[in-house]
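Notes to accompany the following structure.
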2 protein chains.
Amino acid sequence: MSDKRETPLSTPSLQEHHCTVDLRLEKLGMVPFFQDLPEEQLREVNKKCTANHYSKGETIYRQGDSATMLRVVVAGNVKLAAHTLEGESVLLDMLQPGDFFGNPTARGRDVYSETAETQTSACILSIRLSDFREVMNRYPSVAMAVLDITTDRLNESRQRIQHLSTLPVTKRIAHILVTLGNKFGEKDSRGLLIQLPLSRKDLADMAGTSPATASRIMSQFQNDNLITSGRQWVAINNKAELLRISAK
Amino acid sequence: MSDKRETPLSTPSLQEHHCTVDLRLEKLGMVPFFQDLPEEQLREVNKKCTANHYSKGETIYRQGDSATMLRVVVAGNVKLAAHTLEGESVLLDMLQPGDFFGNPTARGRDVYSETAETQTSACILSIRLSDFREVMNRYPSVAMAVLDITTDRLNESRQRIQHLSTLPVTKRIAHILVTLGNKFGEKDSRGLLIQLPLSRKDLADMAGTSPATASRIMSQFQNDNLITSGRQWVAINNKAELLRISAK
DNA sequence: CGGTATTTTGATTTAGCTCAACAGACGTGG
DNA sequence: CCACGTCTGTTGAGCTAAATCAAAATACCG
């Protein structure tokens with residue numbers, strides 16, 4: 001009784017994305033924390049950036065690598081994951097164009113505490129941490145915007161701790177689906193399609209459960225017509241009910 | 001075979017702490033993110049602060065309260081906890097003198113996402129968020145210091161997510177004990193005494209487990225001579241072994 | 001010294017894990 | 001365009017870590 005068909009995700013065509021100076025400038029201006037910067041200064045920041053193109057599944061940096069660059073997603077998606085010695089992995093964040101990653105801190109650990117990998121082909125800007133800190137020192141609005149984003153991430157992260165500590169897996173997954181729907185969802189014939197390759201293992205790594213359990217729960221949601229899902233994709237049919245499940 | 005005696009924690013005597021202007025100024029200068037500020041500007045910041053004294057167990061603010069003030073611990077300890085609708089609680093952070101709390105962000109949620117409660121009697125400085133943001137705008141070094149601390153907290157928080165997702169309770173508690181020992185430990189005849197009222201329920205709320213399970217694990221650690229513990233206090237006898245347990 | 005909150009410990013239950021086999025979807029090369 | 005191999009997802013059976021429930025013991029406080 002499955003409604004599955006071929007992958008409905010639209011693959012971004014970044015292959016011939018040349019990342020010219022002008023294009024980079026335009027993208028930089030779209031980044032939330034550079035939005036207040038006058039064009040002239042934006043141009044200056046731009047000079048300090050390097051653009052790189054990655055294909056799907058490439059590793060941008062590894063947990064433990066020396067951390068000297070701050071990065072910004074220009075196009076595509078990136079996931080941040082931490083790996084344990086035993087090979088288990090925990091998915092820490094899924095990033096969109098405009099999001100920065102790589103720690104903006106200079107003190108303490110100067111190695112990355114997580115691994116960054118592209119989930120789709122992607123274009124990434126890099127700027128030396130020292131240069132970025134200089135920009136923040138010169139333009140407080142940039143520093144404040146970065147602080148606000150970091151604070152939001154801290155709050156999200158704490159909410160996740162709360163969920164891991166108090167909610168059963170079903171509610172955690174329901175909540176994750178709603179969150180992903182809000183962030184990556186696009187209206188579609190199938191409902192709210194999550195525009196992101198999303199495997200059962202990814203879901204499990206986000207919810208702190210096993211792929212088998214994630215699969216069972218997704219099957220149940222599908223039976224209840226809350227979602228439609230296939231290999232590496234999920235669409236939400238009844239967000240309100242998922243939200244109710246996650247909260248109740 | 002217990003080595004228990006009366007509470008060995010030293011109770012800070014803040015009762016007659018008057019928080020005079022001079023004393024406040026001295027304390028402000030000790031706060032990490034004001035350290036780079038010249039005395040003159042410190043004096044100016046000081047004028048915008050209010051000092052308050054709280055006795056043990058008082059609530060400073062509640063989850064959901066409108067968030068207009070940023071706070072700094074001058075003396076004593078404060079714990080941040082989130083509460084679920086069902087009454088379960090999750091302990092998010094334990095604060096020391098010099099730590100700030102209450103979200104330093106203006107956008108989005110302008111209500112506190114956690115409850116702040118004193119664990120000992122405490123002296124707390126408050127400054128209006130808008131005033132603090134103005135200070136950060138004027139003195140980038142303050143903004144940068146706040147950003148660095150927030151980033152550290154985000155990393156700690158993500159590590160905790162990883163532990164909740166991948167480690168069994170015993171390892172999580174061993175890790176928490178080591179961390180608390182490093183942060184709040186004081187050398188003592190009993191070993192490394194954690195200078196903080198710390199119940200089994202607190203430990204459980206930090207480890208995402210039940211008080212009963214926390215108690216069983218602490219009993220086991222005590223049998224193995226790794227810790228000495230009584231009602232609301234814990235001393236670490238063998239930090240190296242606890243660390244080994246948490247990592248292995 | 002009595003009262004209360006905390007801690008310990010036992011007995012039972014259960015959510016979710018692990019292991020394992022199978023099935024469906026996708027890509028690739030002929 | 002089809003056949004094959006591989007990777008992803010599904011589902012069952014059994015097991016286990018930890019939760020829950022409950023009672024007893026201990027520490028602290030007035």
Using atom [atom1] of [X] as one end and atom [atom2] of [N] as the other, report the distance to the nearest whole Å.
| X | N | atom1 | atom2 | answer |
| --- | --- | --- | --- | --- |
| A/D205 | D/dG9 | CG | P | 12 Å |
| B/E86 | D/dT20 | CD | P | 12 Å |
| A/R231 | D/dT8 | CZ | P | 6 Å |

Earlier contact from the 5' end, DNA chain D, for A/L198 and B/T209:
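Closer to the 5' end of DNA chain D: A/L198.
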Side chain of B/T213 (C-beta onward), nearest among D/dA18, C/dT7, D/dC28
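Taking heavy atoms from C-beta onward, the closest nucleotide is D/dA18.
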By nearest atom, which of the nucleotides C/dT18, C/dT8, D/dA18 is closest to the A/A212 side chain?
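Within the option list, the nearest is C/dT18.
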Which is true for B/P211 with a 4.0 Å heavy-atom rule: it touches a base, it touches only sugar-phosphate, or it touches nothing?
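The answer is nothing, as B/P211 stays clear of every strand by at least 4.0 Å.
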Base D/dG12 to side chain A/R216, donor-acceptor N/O within 3.5 Å cut-off:
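Result: at least one qualifying N/O pair found.
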Return yes if a side-chain donor-acceptor contact under 3.5 Å exists between B/S89 and B/D205, otherwise no.
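A donor-acceptor contact under 3.5 Å links the two side chains.
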Classify the side-chain pair A/R160/B/S165 by whether it contains a donor and acceptor separated by less than 3.5 Å.
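Judged by distance alone, the side chains do not pair up.
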Should the ring pair A/H175 and A/H163 be called parallel, tilted or perpendicular, given that the plane angle runs from 0 to 90° and is split at 30 and 60?
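Perpendicular.
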Salt bridge check: are B/R153 and B/E156 linked by an N-O gap of less than 4.0 Å?
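Not counted as a salt bridge, because no side-chain N and carboxylate O are separated by less than 4.0 Å.
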